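Following: one structure in structure tokens, then a few remarks.
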Amino acid sequence: MKKTSNCWLLESNRPKYLVGGFILGLLLTFLCALGCAGGMEFKDRQWGGKWDWLDFAATLLGGLLGQAVQLLIIWLIIK
């Protein structure tokens, strides 16, 4: 029997979106993650798919967490 989760972040390939956004936020900025999230969803729409707001939100959440970790590392270095 297949186990299903109730968490929207664990559905489909959203963990990949979350990790990708985290890496972008950590190495670059949240705004870069925002642009990439929009670009990925635009690409999906152009290829006949639909805009998935949950994929977009997963990428942004990852970018936000990555940016927070980046700022924490910078703060620890400066302190």
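One-based numbering along the sequence shown. The structure presented is a predicted model; accordingly, all values stated were derived computationally and were not measured.
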Please verify the inter-ring angle class for W53 with F56; under 30° counts as parallel, over 60° as perpendicular, anything in between as tilted.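 Perpendicular: the ring planes of W53 and F56 meet at over 60°.
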
For the atom pair [atom1] ([X]) and [atom2] ([Y]), what is the distance rounded to the nearest 0.5 Å?
{"X": "L64", "Y": "T59", "atom1": "CG", "atom2": "OG1", "answer": "12.5 Å"}
{"X": "I78", "Y": "I73", "atom1": "CD1", "atom2": "CD1", "answer": "12.0 Å"}
{"X": "D55", "Y": "L18", "atom1": "CG", "atom2": "CG", "answer": "11.0 Å"}

Can I get a per-line list of side-chain donor-acceptor pairs under 3.5 Å for residues 26-50, giving both atom names and the distance, sequence neighbours left out?
unit_1, atom_1, unit_2, atom_2, d
T29, OG1, L31, N, 3.4
T29, OG1, C32, N, 3.2
E41, OE1, D52, N, 2.9

Chi angles and distances behind the side-chain contact (heavy atoms from CB on, under 4.5 Å) call for L65, V69: CA-CA 6 Å; L65 294 173; V69 170; 5.6 Å; no

Is there side-chain contact between Y17 and L54, with at least one heavy-atom pair below 4.5 Å?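 No, side chains not in contact.
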
Pairs touching residues 67-79 that satisfy salt bridge (Lys or Arg N to Asp or Glu O under 4.0 Å), sequence neighbours left out: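 Listed by first then second residue: nothing to list.
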
